[in-house]
Amino acid sequence: MAENPDRQGVNRALARLLNWPEIARSPQLARFLSYIVERQLAGEGQAIKAYAIAVDVFGRPSDFDPQADPIVRVQARRLRSLLDQYYRGPGADDEIQIQLPIGRYVPEFVTAERTVSFEAATEGSDARSTAPAREEDLTQAAKAPAPRGHVTVSWFVLLVLAVGAAALAYSLSTVDTRREQTVVVSGTLQPPRLRIMEFQNLTGDSSITPTISALAIELVTDFEPLLIVDVSLGSRSGGGGTEDFSLTGIVRDDPLSPQNYQVGAILTELATNSIVWNWSISVPHDQLTRRGGVDAISQELILLLGGTRGPLHDRARELLSQGSIAGRENFYLCGVLFSMYRTSGSVGLAERVRSCIAGLPESERNNGNVIAGLASLIAEGVGEGDNALLTLDERLAEADELMDRAVLSDPTSSFVWEQRARLDEMLGLHDIAEAAYGTALQINPSNMDAMAAHARHLALIGRLDAAIPAARRAMESVPQTQIPDWYFCVPSMAALYEAEYRRALSYAERCARSDVELGSILALLAAQGTDDAGLVDQKLPRVLEVPSFRQAGILSRMRERATDLALIERIATGLRQAGVPESSLNSPY
């Protein structure tokens, strides 16, 4: 940090950040940044604590408990990520940079001299490519299990020996107790309890130990916004005793790439002392020293481990797949049920989500995430319940009112903003939907449903080049057996534009299982591309049978969903060539 920071220079740096659209559109983050910078400049750095920030910036009451409410940690995580993004892009040449170190809320003011030398040391060594994804890469992600890093026998043995001993001793000494305890309280399945242990440095380079230690802190911070995992930071001195899982990891020299380190982790179910998941990744040496490097590793882990389709929630999915949970409803189980609904889109699961919400205590029914989930069910008209007699416009109006309540109730929930974006998309408010998707992913970059839904929206508004890598990322981060059918809509569009019609048809059929409007249209266009008249005759009836098309006209409805004029023209041409009457294109039939 600069010993005598130029106050005017810092204020100019602050003003530039506050005017940057990514921060300007979030008043809470803007207030947070201004608050910590102004207090630091006033010589009050020691007073910048979670409690003070929560009360002064986020309006929390005086009895605020930083341990029970993670809002400051979550928002600090968002702010830290945006600062890194800004100084990698538009602010790369700023004379003074404002940085927020991991695990702290006191900002640092870094001068250009340090920034220049730091960047020079790391130039050209970014581990992540920003090149657009090729269609064949996305295709492979859709067809085959995505790579999760290579795990060799020697690595696996080393990892278990290095970081498993403490978990093993702990597990064996308390296994019977935990078998009785395992996430069941009063007969109700509770969110899994995960203890994240500090990663061990096996490289022999002690200079990176502080950075490796920060990785565990960053993981805890990244897990907290998910709401469906009770996460804590562990220590190797023991303690605890009620966790269901332990995440342990190491950093060692990569035996296959001397210029890289290998970062690896294992997830252990403590009740049975069984390893249920393992992962490793090779990263350049400088990734553990440069700004944002640890965050990138944490995000990679969260992408694979944090969602409701991951191994932490196997038991909940198993319980829910067995039948009714009447009398055992809670926020966690309703959330996993909603994720299962998003995976399949089935009416039965939609009704089970509604039933689960109805069984919640009133305090949980007023949760912003619960309200947003219910609003989505109403808007989408799947498992309509009491809304069965409403028109589409009436459903959307009711959903819009509920979604406003949800955002007010929980403005820092990625799930809430994802549902807000989906509804705005249905309302034809595409620019607003884009902003809402951006907020959802800014709050929680590991929200894969938000990423996949955003990718589909990008494709419909004419930005297929940006949609492809986002869709691929989402598909790679979900277990292959649990990829939702609607994730395949973008791969279908990509294959269609590449004239890979058979592949486009295969993906379109998956897409149509949950997005019947877009999927049926894509299937018809792909069938036409194969020059197989029989296939066209097979796919056309499904397009004509879509209820929303019958109510509004096919093109009329698709113009509400898509602003890409080239796509609309291609759909219109395909429908006319298939023999659809002109009257059915733009009017009810």
Side-chain angles (χ1 to χ4, degrees), residues 145-146 148-149 151 156 159-160 164 167-168 170-171 174-185 187-197 219 222-224 226-232 242-249 264-280 300-325 328-344 346 348-349 352-353 356 415 444 446-449 474-485 487:
R148 295 290 189 264
V151 181
F156 191 79
L159 180 58
V160 172
L168 174 61
Y170 167 73
S171 295
T174 60
V175 62
D176 290 335
T177 302
R178 280 196 310 279
R179 283 185 187 279
E180 297 173 1
Q181 290 178 339
T182 307
V183 295
V184 179
V185 179
T188 301
L189 200 66
Q190 301 294 323
R193 294 164 296 194
L194 172 66
R195 172 158 291 200
I196 297 177
M197 309 298 291
L219 281 166
D222 287 348
F223 260 108
E224 282 177 335
L226 304 183
L227 301 177
I228 53 172
V229 179
D230 183 0
V231 64
S232 63
T242 63
E243 289 76 23
D244 308 300
F245 297 92
S246 173
L247 183 69
T248 53
I266 58 173
L267 181 69
T268 302
E269 185 179 39
L270 296 176
T272 59
N273 190 41
S274 57
I275 296 172
V276 296
W277 181 85
N278 63 83
W279 166 90
S280 70
E300 186 72 22
L301 266 167
I302 297 292
L303 283 175
L304 301 173
L305 194 57
T308 52
R309 300 181 181 96
L312 290 170
H313 309 286
D314 284 347
R315 187 159 184 233
R317 289 194 302 272
E318 180 182 358
L319 172 68
L320 292 167
S321 66
Q322 292 172 355
S324 173
I325 55 169
R328 294 180 289 171
E329 298 92 346
N330 62 17
F331 173 82
Y332 170 59
L333 289 178
C334 290
V336 177
L337 259 180
F338 190 91
S339 174
M340 293 169 66
Y341 156 69
R342 275 280 181 249
T343 301
S344 69
S346 75
L349 278 170
R352 291 187 65 191
V353 174
C356 188
F415 176 83
N444 178 16
S446 66
N447 183 344
M448 288 301 97
D449 279 356
M475 297 179 79
E476 288 176 344
S477 302
V478 175
Q480 295 296 306
T481 57
Q482 296 187 53
I483 296 178
D485 290 324
Y487 277 36

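Note that the coordinates shown come from a computational prediction; the quantities given were computed from them, not determined experimentally.
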Separation between CD1 of Ile266 and CD1 of Ile275, rounded to the nearest 0.5 Å:
4.0 Å

When you measure from the side chain of Glu243 to the backbone N and O of Arg195, does any donor-acceptor pair fall under 3.5 Å?
no

With a 4.5 Å limit on heavy-atom distance, are the side chains of Met448 and Tyr487 in contact?
yes

Show, in sequence, the C-alpha distance, side-chain angles and deciding distance for Leu320 and His313, and conclude whether the side-chain contact (heavy atoms from CB on, under 4.5 Å) test is met.
CA-CA 11 Å; Leu320 292 167; His313 309 286; over 6 Å; no

Applying side chain to side chain contact (heavy atoms under 4.5 Å, CB included) between Phe245 and each of Val231, Leu194, Leu270, Thr268, report the one that passes.
Leu194

Quick check against the 3.5 Å criterion: does Arg317 have a side-chain atom that pairs as donor or acceptor with the backbone of Gly310?
yes

Between Ser446 and Asp222, does a side-chain contact (heavy atoms from CB on, under 4.5 Å) hold up when you go through it step by step?
CA-CA 9 Å; Ser446 66; Asp222 287 348; over 6 Å; no

Treating Thr343 as the side-chain partner and Ser339 as the backbone partner, does any N or O pair qualify as donor plus acceptor under 3.5 Å?
yes

Under the criterion side-chain contact (heavy atoms from CB on, under 4.5 Å), I'd like the reasoning laid out for Leu312 against Phe223: C-alpha separation, chi angles, the key distance, then a yes or no.
CA-CA 12 Å; Leu312 290 170; Phe223 260 108; 4.0 Å; yes

Flag side-chain contact, heavy atom, 4.5 Å: Pro192 against Tyr332
yes

Quick one: does Asn444's side chain have a donor or acceptor within less than 3.5 Å of a partner on Phe415's backbone?
no

Has Arg328 got a side-chain atom pairing as donor or acceptor with Leu333's backbone, closer than 3.5 angstrom?
no

So Trp279 and Leu305, side-chain contact (heavy atoms from CB on, under 4.5 Å) or not? Walk me through it.
CA-CA 10 Å; Trp279 166 90; Leu305 194 57; over 6 Å; no

Is the side chain of Asp244 donor-acceptor paired with the backbone N or O of Arg193 at a distance under 3.5 Å, no angle test?
yes

Find the distance between CD1 (Ile228) and CG (Asp230) and round it off to the nearest 0.5 Å.
12.0 Å

